[in-house]
Structure formats: structure tokens, C-alpha cells
Amino acid sequence: MAAAKIKKGDRVVVLSGKDKGKTGTVTTALPKDGKVVVEGVNVATRHRKPSQANPQGGLERIEAPLHISKVAHVTADGKPTRVRFETQDGKKVRVAVKTGEKIDG
């Protein structure tokens with residue numbers, strides 16, 4: 001399995017779909033499914049009946065996962081970029097293709 005180019009905590013921009021252009025932070029990465037959950041993006045509303053755990057019921061808004069191909073890493077100037085891997089000092093690091101800056105601290 002290849003290394004993940006987008007990880008939890010990365011700042012990403014949505015490239016397609018109803019949330020195209022929105023930016024957010026990856027809160028959950030699901031590498032087996034090829035999906036990520038981004039803060040404030042792809043929000044789904046579920047109608048919940050009152051239950052013992054939630055006696056009020058009502059509308060529940062949750063962030064749904066979206067496919068990793070629909071997001072790209074964001075550079076410091078807010079533009080999307082692809083990610084490649086380089087070996088620096090014997091260590092494999094992620095690098096933004098557009099700017100050449102190292103992504104991992």
C-alpha cells in the first residue's frame with residue numbers, strides 16, 4: 001500500500017462537488033476506503049426521533065466522508081497543489097509540488 005499523501009491535520013481544498021472551493025482541516029483519514037472527513041465540508045443532515053439517549057430528537061448535522069481524489073493539499077497562499085515524496089537526510093518527506101516546501105514539520 002502506498003503512503004498517504006493527505007493525512008489527518010492537513011489543510012485541504014475541495015476540488016469538485018457541492019462544496020467546491022471550500023477549505024478545511026482533515027479531521028479523519030480513512031485510507032482503507034480512500035476517503036477523508038474535512039471540517040465543515042460535506043455536511044449531512046439526519047432527522048432523529050426522540051430516544052432515551054437523545055430525548056429532544058431533532059436535526060443532527062454531521063460531516064460525511066468524501067473521496068480523497070476530490071481534495072488537494074493547500075499551500076501557504078491558499079492554492080491547491082499536488083504532493084510528492086522526496087528523501088531528505090535519509091528520511092522520506094512529503095513536498096508540495098507547486099512550491100517545493102516540505103509539508104511534514
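Each residue takes its place number in the sequence, starting with 1.
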Nearest heavy-atom neighbours spanning T75 and E101: CA-OE2, 4.4 Å
To the nearest 0.5 Å, what is the distance between NZ (K91) and CG (D89)? 9.5 Å
Heavy atoms from other residues, nucleotides or ligands near CZ of R82 exceed 12 (cutoff 6.0 Å): no
Are the side chain of S16 and the backbone of K70 linked by a donor-acceptor contact shorter than 3.5 Å? no
Side-chain heavy atoms of V26 within contact of K7, under 4.5 Å: no
Heavy-atom side-chain proximity of I6 to V12 below 4.5 angstrom: yes
Report yes if the side chains of T99 and T81 come closer than 4.5 Å at any heavy-atom pair, otherwise no. no
Might you point out which heavy atoms bring D19 and N42 nearest each other, and give the distance in Å? OD2-N, 2.6 Å
Interatomic spacing from CD in E86 to CD1 in I103 - rounded to 0.5 Å: 10.5 Å
Salt-bridge criterion met for R94 and D10 (N-O under 4.0 Å): yes
Is atom CD of Q56 surrounded by more than 12 heavy atoms (other residues, nucleotides or ligands) closer than 6.0 Å? no
Might you confirm whether atom NZ of K18 has over 12 heavy atoms from other residues, nucleotides or ligands at distances under 6.0 Å? yes
On a heavy-atom basis, which atom in A29 and which in P31 lie closest, and how many Å separate them? O-CD, 3.3 Å
Atom pair CD1 (I68) and NZ (K35), whose distance is rounded to the nearest 0.5 Å: 11.5 Å
Does E63 use its side chain to pair, donor to acceptor, with the backbone of V41 at less than 3.5 Å? no
Could you give me the CA-CA distance, side-chain angles and deciding distance for R48 and L59, then say whether side-chain contact (heavy atoms from CB on, under 4.5 Å) is met? CA-CA 6 Å; R48 298 290 182 203; L59 300 177; over 6 Å; no
Least distance between heavy atoms, L15 atom then S69 atom: CD1-O, 4.2 Å
Backbone of P80 reached by a side-chain donor or acceptor of K98 within 3.5 Å: yes
